[in-house]
Amino acid sequence: MKIETLAIHAATKTDGSTSAVIAPIVMATTFERDTDGGYSKGYIYGRASNPNRSALEKVLAVLEGGADAAAFSSGNAAGMAVFQSLAPGSHIIAPDDMYHGLRNQLKLMFAGIHKFDFIDVNNEVELTAHINAHTALIWLETPSNPLLKLTDIKKIAAIAKANHIKVVCDNTFASPLGQRPLELGADLVMHSTTKYLGGHSDLTGGALITAQKDEFWEKIQQVQQMGGAIPSPADCYWLTRSIKTLPYRMRGHVHNAQLLAEFLEQHPKVERVLYPGLPSHPQHELAQQQMLSFGGMMSVLIKGGVEGAETVVNETNLFTSATSLGGVESLIERRAAVEGPDTKTPQNLVRISVGLEHIDDLIADMNLALSKVEL
Ligand SMILES: *Cc1c(COP(=O)(O)O)cnc(C)c1O
């Protein structure tokens, strides 16, 4: 079946005890034993498993074409579960523009436990030069945040496989509709479900989806269930609900983003637009090969430096000045201000999460804001 159908039907069945079309939220933290002491329904205790979480994990696995999924209380908790599942002393290779929250997690929480190198993973020579006997993991994030750089998942997965290294791909920006990393050879997919999967800027969550139920996956499940960074039954319910509209929401995001990117690219107050769907994107060809659609995220370099960028951020009405992404409402931020003083992000870069408002309104609003930029 196609993804639109699976998004709606993979998780939920009519509830057997009430015939309710939508499965109820099961708040219980504990479940009754059978008279023989067993648990024939499969649920024992809320931290270990919950019906709403099982339903969510089922649809997550199906969306990415994986063998299994594990839901976490945030994207960062999902990432942390991967790092915690590696043997101490493991070497991790991660992109030099890795999502700053996870880069800081590695640097501040895993220094002394693992070794890591942040490199240009696209550079094959640099990548192979950094692989050593302890390298256990290559972390990928494509398109990257906020420069929308692409990584060739297939090529890197082949190098990793030859060296018995696991590949994890943070698929938050592309969504399962935009890119299928497991089909390209990645071992695990990670999502901040806070973003497109949640889609309404009202819940925090994360997920890992695995290609294979292997020993490493068992370790990750152990971290999930013993570590306990799990989403609540209600959060699992809302996320499962949101996922039902994900394929149609993504179509709207992609449609709007392409048109907004084309509008911005020809605007005289714009220096450059970074969007994989534009032929001017340096890796547009790879985007066409690797991505099914180009997502709803873009970065725009505004003429007039910091001031120009801040004018756009402050003068737009429909684009809320806020961090995060993937919600139905459009968001905008001057990214360097968020990332702090040691950032390499250009100071005049604004990152846009293109929402589901009508594209004519978004373009009109952006046009008005740009008219206020003084050069
Ligand atoms: C937001 C985000 C994360 C972290 O997810 P949280 O849900 O905020 O913990 C990781 N990777 C990417 C690409 C993100 O955008």
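As the structure lists them, so they are numbered: ligands from 1, and atoms in each ligand from 1.
- Counting the atoms of ligand 1 from 1 in the order shown, those under 4.0 Å from a heavy atom of M190 are 10 (C).
- Note on ligand 1: S324 sits outside its first shell, no heavy atom being nearer than 4.0 Å.
- At least one N or O atom of G75 sits closer than 3.5 Å to an N or O atom of ligand 1.
- Ring-centre distance between W139 and F118: not below the 6.0 Å cut-off.
- Nearest heavy-atom pair across T142 and Q179 is O-NE2, 2.9 Å.
- For atom 2 (C) of ligand 1, the closest non-hydrogen atom on the protein side is K195 NZ, 2.5 Å.
- For E64 and H191, the side-chain atoms include at least one donor-acceptor pair closer than 3.5 Å.
- Using a 4.0 Å cut-off between charged side-chain N and carboxylate O, K372 and E315 make a salt bridge.
- Between K219 and D214 there is no salt bridge, since none of the side-chain N atoms of the basic residue sits less than 4.0 Å from a carboxylate O of the acidic one.
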| message | Test salt bridge (Lys or Arg N to Asp or Glu O under 4.0 Å) on R351 and E333; report intermediate values, then the result. | response | CA-CA 5 Å; R351 192 185 81 173; E333 66 179 348; 3.2 Å; yes

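- Closest heavy-atom approach to atom 12 (C) of ligand 1 among the candidates T194, D170, L325: D170.
- Counting the atoms of ligand 1 from 1 in the order shown, those under 4.0 Å from a heavy atom of E141 are 13 (C).
- Listed by number with element, the atoms of ligand 1 under 4.0 Å from a non-hydrogen atom of G205 are 7 (O).
- The protein non-hydrogen atom at the shortest distance from atom 9 (O) of ligand 1 is N76 N, 2.8 Å.
- Of the protein's heavy atoms, Y99 CD2, 3.4 Å lies nearest to atom 10 (C) of ligand 1.
- The distance between the ring centers of H281 and Y275 does not fall below 6.0 angstrom.
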